[in-house]
Asker: 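My questions will all concern the structure given below.
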Amino acid sequence: EDNYSSGISDSVKSSTGPLLAYHISRIENPKGVIIFVNGRGETQLKYKELIFDLNRSGYTVITYDHIGQGQSGGKIDRRTDFGIEHPGFVGSFNHYVDDLKTVVDNFAVPEAGIGGSALSTQTSNGPTRVPIYLMAHSMGGLVATVYLLKNNMAPISKAALITPLFGIHVPLFDGIQIPNWVMTIKK
């Protein structure tokens, strides 16, 4: 069964005001909840096959579109470089991080049964708590890293960063520094 098509698609107010589109592909009795954070200029729709595979492997999956991208609202910076407009303009990179926190707090935590939500797996003893994982690609990897550092990993159990955006050298955000161990690639 295609859980993406039967999942919940809706939107929630982002940290800056526009609506943030999200999707929950829920399965019964999940092993865990995975939040997938996509890259710059991508949409959650690009990852339907991955979501299908993760559902079949036993995980509920939550995805969302960054502000100004995919199905989310938001600004488009009309200034152009080489004639290309820039969707998803934000005043601070931390807005992306705040939006991930919105998704974690409003959707992943209840889905995982933290706080006894009715959305979690039910047993005769009540809701079962399952771990929350982050899976992130490209710019989403940087968003996830800053989120994890700001929140001391909580409530995330593990994170998988797929080609995270660590290679651009720009001043970092509000004093958050990415530790060298995160930036080191072992040969």
Side-chain angles (χ1 to χ4, degrees), residues 1-15 18-40 42-67 69-73 96-165 182:
E1 178 184 335
D2 176 8
N3 284 329
Y4 190 92
S5 298
S6 62
I8 299 168
S9 291
D10 205 345
S11 57
V12 64
K13 187 175 178 182
S14 71
S15 64
L19 292 179
L20 189 70
Y22 69 89
H23 183 84
I24 301 173
S25 264
R26 186 179 293 136
I27 65 161
E28 290 186 35
N29 304 314
K31 295 187 234 177
V33 174
I34 296 175
I35 303 166
F36 185 81
V37 187
N38 58 33
R40 173 89 173 127
E42 295 181 327
T43 174
Q44 58 183 300
L45 298 173
K46 176 181 177 181
Y47 293 97
K48 284 173 126 179
E49 187 173 341
L50 174 63
I51 293 165
F52 176 79
D53 289 341
L54 292 170
N55 283 160
R56 287 189 57 169
S57 296
Y59 298 93
T60 287
V61 182
I62 302 170
T63 58
Y64 69 99
D65 288 333
H66 297 293
I67 288 304
Q69 299 174 46
Q71 299 171 328
S72 288
Y96 292 126
V97 179
D98 294 341
D99 290 342
L100 174 55
K101 182 166 178 35
T102 295
V103 171
V104 170
D105 292 348
N106 289 297
F107 308 113
V109 167
E111 286 291 328
I114 299 170
S117 167
L119 297 175
S120 63
T121 302
Q122 295 291 324
T123 67
S124 59
N125 296 324
T128 300
R129 293 179 182 204
V130 296
I132 300 173
Y133 304 109
L134 266 179
M135 181 181 284
H137 174 251
S138 192
M139 183 187 87
L142 184 55
V143 171
T145 300
V146 175
Y147 170 86
L148 293 167
L149 291 169
K150 280 185 156 187
N151 294 283
N152 201 25
M153 287 286 292
I156 306 303
S157 297
K158 294 181 182 177
L161 308 176
I162 306 160
T163 59
L165 180 65
V182 172

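Because the structure is predicted, anything quoted here is derived from the model rather than measured.
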Asker: Closest heavy-atom contact between Tyr147 and Ala154?
Answerer: OH-O, 3.3 Å
Asker: Nearest heavy-atom pair of Gly141 and Thr145: which atoms, and what distance?
Answerer: O-OG1, 2.7 Å
Asker: Looking at CD1 of Ile24 and CD1 of Ile51, how far apart are the two atoms once the value is rounded to the nearest 0.5 Å?
Answerer: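 One finds 11.5 Å between CD1 of Ile24 and CD1 of Ile51.
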Asker: Answer whether the closest heavy-atom distance between the side chains of Leu100 and Val146 falls below 4.5 Å.
Answerer: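 No; the side chains remain at least 4.5 Å from each other.
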Asker: Answer yes or no: is there a side-chain heavy-atom contact under 4.5 Å between Asp10 and Tyr22?
Answerer: yes
Asker: Is there a donor-acceptor pair closer than 3.5 Å between any side-chain N or O of Ser25 and the backbone N or O of Thr60?
Answerer: no
Asker: For the residue pair Gly39 and His66, what are the closest heavy atoms and their distance?
Answerer: O-CD2, 3.9 Å
Asker: Please name all residues satisfying side chain to side chain contact (heavy atoms under 4.5 Å, CB included) with Leu50, sequence neighbours left out, ordered by chain then number.
Answerer: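 For Leu50, the residues satisfying side chain to side chain contact (heavy atoms under 4.5 Å, CB included) (neighbours in sequence not counted) are Phe36, Tyr47, Leu54, Met135.
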Asker: List in chain and number order the residues that pass side-chain hydrogen bond (donor to acceptor under 3.5 Å, both in side chains) with Ser11, two or more places apart in sequence or in another chain; answer none if no residue qualifies.
Answerer: none
Asker: Check side chain to side chain contact (heavy atoms under 4.5 Å, CB included) between Ser157 and all other residues, then give those that pass, not counting sequence neighbours.
Answerer: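 Side chain to side chain contact (heavy atoms under 4.5 Å, CB included) list for Ser157, sorted by chain: Pro131, Tyr133.
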Asker: Shortest non-hydrogen contact from Ala144 to Ala136?
Answerer: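 Where Ala144 meets Ala136 most closely, the heavy atoms are CB-CB, 3.8 Å.
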Asker: Could you list the residues that satisfy side chain to side chain contact (heavy atoms under 4.5 Å, CB included) with Ser14, not counting sequence neighbours?
Answerer: Thr16, Pro18, Leu20, Ile67, Asp99
Asker: Are Thr63 and Asn38 side-chain neighbours, meaning at least one heavy-atom pair lies under 4.5 Å?
Answerer: no
Asker: If you look only at distance, which donor and acceptor atoms sit under 3.5 Å apart when one is on a side chain in residues 103-110 and the other is two or more places apart or in another chain?
Answerer:
{"from": "Asp105", "atom 1": "OD2", "to": "Lys101", "atom 2": "NZ", "distance (Å)": "2.8"}
{"from": "Asn106", "atom 1": "ND2", "to": "Thr102", "atom 2": "O", "distance (Å)": "2.9"}

Asker: Here's a test for you: under side chain to side chain contact (heavy atoms under 4.5 Å, CB included), which of Val37, Thr163, Leu165 qualifies with His137?
Answerer: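 Exactly one candidate clears the test, Thr163.
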Asker: Side chains of Gln69 and Arg40: does their closest heavy-atom pair fall under 4.5 Å?
Answerer: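 Side chain of Gln69 against side chain of Arg40, heavy atoms only: contact under 4.5 Å found.
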Asker: Find the distance between CD (Glu111) and CD1 (Ile62) and round it off to the nearest 0.5 Å.
Answerer: 5.5 Å
Asker: Tell me if a side-chain donor or acceptor on Asp65 pairs with a main-chain N or O of Gln71 at a distance below 3.5 Å.
Answerer: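 Yes.
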